[in-house]
Participant: 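I have a structure here, written as structure tokens, and I will follow up with some questions on it.
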Amino acid sequence: MNPLIAKETKVLIVDDQVLAKGYMKYSLEELGFSDITYVDKVHLALNKIRHQRYDLIVCSYNLKHEQDGYYFYDEINRNGELPLSTAFVFISADTTADLVQSIVELQPDDFLAKPFTVKELDRRLSRILGRKRALQSVYWCIEKKHYPKALSEVELFLSEPKNSEFFPLALKIKGEVLQLCGHYTQARVFYKAILNVQTFTWAQLGLVKTYLHLNEDEAAEKLVLRLAFKPESQLAAYDLLMSLQIKQGDFDTALECVLMASEISPRNIRRHKTVVDLSRITHDYHTQFEAAKKVVKFAKNSIHDMPEHYLNVARAGIDYAMTADEEQTNALIKQANEYIRQFRQAFPKADMQDQVNVINARLMYLSDEKDNAKALLEQLGNENWESESIEALLDKAKAFHEIGIHERSQEILSEIMRRCEENEQGNEIFLHYVEQEQKEKRQIKQSSKELNNAAVQHFQQGDVDNALHTFTDAFTLMPKTPSIALNLLQVITIKRLHTDDAYQKTIQRCVKTVENGPLNDEQENRYVKIRELLDDIA
């Protein structure tokens with residue numbers, strides 16, 4: 001270790017094991033480090049980095065208090081609290097597949113498996129700190145968002161043979177800075193030139209991003225699909241493929257992509273939240289409910305733990321119950337109440353009674369207590385909209401729509417739209433969902449539960465015209481429900497509309513839902529007959 005570098009390096013150690021801290025202290029001092037700060041809890045580490053800049057952060061991956069190293073690193077990295085010029089190193093005795101996958105995803109500067117020798121620590125830190133110091137001027141420009149200057153600095157760095165050891169990293173940075181400058185055509189040429197020499201994964205991923213910005217979607221898809229089969233690029237590939245599908249409006253496929261990524265890296269809370277948003281757009285209420293539960297599971301006992309996560313599970317459970325049969329509805333009501341109980345237990349001082357009242361009103365509606373639900377909602381005031389979260393307002397809009405106060409529901413949805421449009425950093429997926437929700441609730445006045453019951457009643461009474469209209473509305477809100485899809489298919493064939501080109505897309509979607517979902521014996525027999533008729537026409 002260069003004594004000057006060691007002496008000038010300000011170090012933060014985050015570890016809650018006394019013996020581990022003692023060994024790390026001994027090792028660092030042996031290498032000449034003297035400016036060392038130790039903390040054993042994440043909130044202390046966050047406080048330190050928010051008031052002091054560090055050159056090196058060494059963090060135990062397996063912290064037990066509040067949250068582990070995974071969430072700490074993700075938090076400071078996403079919030080822009082980890083400067084590019086600061087080295088971040090994970091240490092852990094665990095080398096399981098889950099940890100390895102997390103390291104691949106997070107991409108810290110290094111990972112040290114315990115036990116390690118002073119010699120090994122010296123070798124790793126010398127390389128990392130040497131790299132950070134060599135590229136310091138480039139990093140500073142990027143941190144200050146002086147991207148043209150950063151590009152000039154990295155070009156200068158690449159022109160000096162003495163820096164050849166760091167050329168691969170500098171080239172990667174150059175590609176990223178070209179994109180930050182908006183030079184996507186130049187970036188595409190750059191990445192292709194790099195790939196002609198060597199097939200770096202980072203260059204392939206960078207090329208996909210430039211294709212997306214240049215609207216060369218076919219080229220982007222072809223390359224990203226290849227990257228999805230490589231372990232080292234799988235997660236990044238799925239994220240890019242999701243972005244491509246969202247751009248093209250294929251939200252079902254986008255949801256499949258993010259679900260596959262979530263299976264590989266289940267601790268990524270941000271992806272589970274994306275699953276929630278995409279499943280709402282696609283009306284996949286089961287997936288929305290499961291993803292909301294995972295947010296609670298992985299955020300629990302961490303700084304990501306929030307009271308609204310628990311309420312969101314209850315809300316998702318109610319959305320799901322609106323489309324379910326009686327037995328499943330009762331089970332979902334119990335689960336929603338259980339998450340409200342967990343919320344009260346985890347956050348006894350949280351003042352969110354109005355939000356709980358909205359949830360309780362929706363639960364009353366599910367239990368056929370519409371008048372009680374209406375009375376409870378009418379007790380709510382209008383004056384605190386500004387202080388309410390978007391999720392709370394959205395739930396309120398759904399509640400008013402369900403009890404039939406549609407004008408109030410639309411007012412709340414308009415307020416949500418206003419907030420989303422004013423927020424420059426807003427979630428585009430969520431904005432699309434709110435636009436869709438506003439449009440559907442304006443056109444379809446009945447709730448999912450009412451539509452289902454009304455459609456079946458029309459059909460049983462032989463009112464085929466109204467049954468077609470109502471089942472169409474029901475399928476709009478419940479496109480993943482096999483029984484609704486089957487009933488709509490049956491009405492379409494009875495009306496002899498299966499030969500009408502205008503209905504072909506609807507028929508295809510219905511068939512997909514029916515064939516992907518469980519059917520009872522009676523439904524199976526009906527579907528066989530309908531399918532024979534459709535096949536004859538085809």
Side-chain angles (χ1 to χ4, degrees), residues 273 276 280 285 288-289 292-293 295-296 299-300 305-324 326 328-420 430 433-434 437-438 440-441 445-450 477:
K273 290 180 178 179
V276 169
R280 292 198 284 201
Y285 305 107
Q288 176 194 348
F289 185 48
K293 288 194 287 187
V295 171
V296 168
K300 193 170 286 187
D305 203 2
M306 296 169 57
E308 198 156 52
H309 292 336
Y310 296 81
L311 299 186
N312 284 343
V313 179
R315 292 160 177 158
I318 294 168
D319 289 349
Y320 188 18
M322 291 287 175
T323 71
E326 186 176 352
Q328 194 177 28
T329 295
N330 292 333
L332 288 164
I333 288 173
K334 286 180 182 177
Q335 290 187 66
N337 281 314
E338 169 58 21
Y339 274 91
I340 293 173
R341 186 195 67 77
Q342 289 184 30
F343 148 71
R344 293 190 191 282
Q345 185 178 41
F347 299 94
K349 295 181 180 179
D351 183 16
M352 303 175 78
Q353 190 53 48
D354 269 9
Q355 295 188 41
V356 174
N357 286 342
V358 173
I359 291 171
N360 285 333
R362 297 189 71 201
L363 289 169
M364 288 175 187
Y365 175 82
L366 277 173
S367 301
D368 296 320
E369 299 176 34
K370 188 172 180 178
D371 290 340
N372 289 336
K374 186 175 182 180
L376 183 56
L377 287 174
E378 286 175 343
Q379 294 173 18
L380 301 174
N382 293 337
E383 64 281 354
N384 60 344
W385 276 14
E386 286 299 324
S387 63
E388 287 192 71
S389 70
I390 282 182
E391 287 292 346
L393 288 175
L394 181 62
D395 202 43
K396 192 180 285 187
K398 290 178 181 179
F400 278 111
H401 182 81
E402 286 154 7
I403 64 169
I405 306 180
H406 303 120
E407 186 176 333
R408 184 83 177 278
S409 176
Q410 286 294 320
E411 286 175 6
I412 298 171
L413 288 169
S414 294
E415 167 65 14
I416 296 171
M417 283 288 296
R418 183 190 66 77
R419 282 206 212 170
C420 290
F430 183 78
Y433 166 64
V434 176
E437 191 76 358
Q438 190 173 37
E440 288 177 354
K441 282 182 168 35
K445 301 299 185 184
Q446 292 171 290
S447 70
S448 304
K449 182 182 177 184
E450 290 169 336
L477 300 184

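For this chain, numbers begin at 1 and follow the sequence in order.
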Participant: Around atom CD of Gln353, are there more than 12 heavy atoms from other residues, nucleotides or ligands closer than 6.0 Å?
Facilitator: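 Yes, because the 6.0 Å sphere around CD of Gln353 holds more than 12 heavy atoms from other groups.
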Participant: What verdict does the side-chain contact (heavy atoms from CB on, under 4.5 Å) test give for Ile318 and Ile333, after you've listed the backbone C-alpha separation in whole Å, the side-chain angles of each residue and the deciding distance to 0.1 Å?
Facilitator: CA-CA 7 Å; Ile318 294 168; Ile333 288 173; over 6 Å; no
Participant: Once you round to the nearest 0.5 Å, how far does CD1 of Ile340 lie from CD1 of Ile359?
Facilitator: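 Between Ile340 CD1 and Ile359 CD1, I get 5.0 Å after rounding to 0.5 Å.
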Participant: Could you grab the distance from atom CD1 of Ile403 to atom OG of Ser447, nearest 0.5 Å is fine?
Facilitator: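 OG of Ser447 is found 11.5 Å from CD1 of Ile403.
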Participant: Can you find a heavy atom in the side chain of Leu366 that is under 4.5 Å from one in the side chain of Arg362?
Facilitator: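 Of all side-chain heavy-atom pairs linking Arg362 with Leu366, none is under 4.5 Å.
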Participant: With rounding to the nearest 0.5 angstrom, report the CD to NE2 distance, Glu437 to His401.
Facilitator: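 Spacing of CD (Glu437) from NE2 (His401) equals 8.0 Å.
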Participant: Do Met352 and Phe343 have side-chain heavy atoms sitting under 4.5 Å apart?
Facilitator: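 With C-beta onward as the side chain, the pair touches.
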Participant: Near Lys370 NZ, under 6.0 Å, is it more than 12 heavy atoms from other residues, nucleotides or ligands?
Facilitator: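 Atom NZ in Lys370 is packed in, count exceeds 12.
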Participant: Is the shortest heavy-atom distance from the side chain of Asn337 to the side chain of Leu363 under 4.5 Å?
Facilitator: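 When only atoms from C-beta onward are counted, Leu363 and Asn337 do touch, with a gap below 4.5 Å.
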Participant: Going by distance alone, is a donor N or O of one side chain under 3.5 Å from an acceptor N or O of the other, for Tyr365 and Glu450?
Facilitator: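 The criterion, which ignores hydrogens and geometry beyond distance, is satisfied for Glu450 and Tyr365.
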Participant: Please confirm whether the backbone N or O of Ala292 pairs with a side-chain atom of His309, one donor and one acceptor, at under 3.5 Å?
Facilitator: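 A pair under 3.5 Å: no.
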Participant: Would you confirm whether Asp395, through its side chain, and Glu391, through its main-chain N or O, come within 3.5 Å as a donor-acceptor pair?
Facilitator: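 Not confirmed, Asp395 side chain does not pair with Glu391 backbone.
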Participant: Mind listing the closest non-hydrogen atom pair of Thr329 and Ala321 along with its distance?
Facilitator: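 Minimum heavy-atom separation between Thr329 and Ala321: OG1-O, 3.2 Å.
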Participant: Please step through side-chain contact (heavy atoms from CB on, under 4.5 Å) for the pair Ile416 and Cys420, ending with a clear verdict.
Facilitator: CA-CA 6 Å; Ile416 296 171; Cys420 290; 4.1 Å; yes
Participant: What's the separation between atom CD1 in Ile412 and atom CD1 in Ile390, rounded to the nearest 0.5 Å?
Facilitator: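 Between atom CD1 of Ile412 and atom CD1 of Ile390 there are 13.0 Å.
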Participant: Could you report the tightest heavy-atom contact between Ala361 and Leu376, atom names first, then the distance?
Facilitator: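 In this case the closest contact between Ala361 and Leu376 is N-CD2, 3.7 Å.
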Participant: Just do the side-chain contact (heavy atoms from CB on, under 4.5 Å) check on Lys374 and Ile405 with the steps written out, would you?
Facilitator: CA-CA 9 Å; Lys374 186 175 182 180; Ile405 306 180; 4.2 Å; yes
Participant: At their closest point, which heavy atom of Glu440 faces which heavy atom of Leu477, and how far apart are they?
Facilitator: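 For Glu440 versus Leu477, the nearest heavy atoms are OE1-CD2, 3.4 Å.
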Participant: For a quick test of reading the model, state the closest non-hydrogen atom pair linking Leu332 to Ala324 and the distance between them.
Facilitator: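 Nearest pair, atom of Leu332 first, then Ala324: CD1-CB, 4.3 Å.
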Participant: Between Arg315 and Glu308, does any side-chain N to carboxylate O distance fall below 4.0 Å?
Facilitator: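 Answer for the salt bridge query: yes.
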Participant: So with a 6.0 Å cut-off around CG of Asn330, is the heavy-atom count from everything else above 12?
Facilitator: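 Counting other residues, nucleotides and ligands, CG of Asn330 exceeds 12 neighbours.
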Participant: Check whether any side-chain N or O of Gln410 sits under 3.5 Å from a backbone N or O of Gln438 as a donor-acceptor pair, and report yes or no.
Facilitator: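 Checked: pair present.
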Participant: Taking the six-membered ring of Phe289 as reference, does the NZ or CZ atom of Lys293 fall below 6.0 Å from its centre and within a 45° cone about the axis?
Facilitator: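 Judged by the rule (NZ or CZ under 6.0 Å from the ring centre, within 45° of its axis), Lys293 counts as positioned above Phe289.
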Participant: Decide yes or no on side-chain contact (heavy atoms from CB on, under 4.5 Å) for Tyr310 and Asp305, but give the supporting numbers first.
Facilitator: CA-CA 9 Å; Tyr310 296 81; Asp305 203 2; 3.4 Å; yes
Participant: So, the side chain of Ser409 versus the backbone of Lys398: is there a donor-acceptor pair under 3.5 Å, distance only?
Facilitator: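 No, because the side chain of Ser409 does not come within donor-acceptor range (under 3.5 Å) of the backbone of Lys398.
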Participant: To the nearest 0.5 Å, tell me how far Leu311 CG sits from Met306 CE.
Facilitator: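 Here the rounded value is 10.0 Å.
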Participant: Quick one: pull up OH in Tyr339 and CZ in Arg341 and give me the separation to the nearest 0.5 Å.
Facilitator: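 One finds 10.5 Å between OH of Tyr339 and CZ of Arg341.
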Participant: Salt-bridged, Arg280 to Asp319, with N to O below 4.0 Å?
Facilitator: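 Salt bridge flag = no for Asp319 with Arg280.
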Participant: Which atoms form the tightest heavy-atom contact between Glu388 and Arg419, and what is the distance?
Facilitator: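 Heavy atoms of Glu388 and Arg419 come nearest at O-NH1, 2.7 Å.
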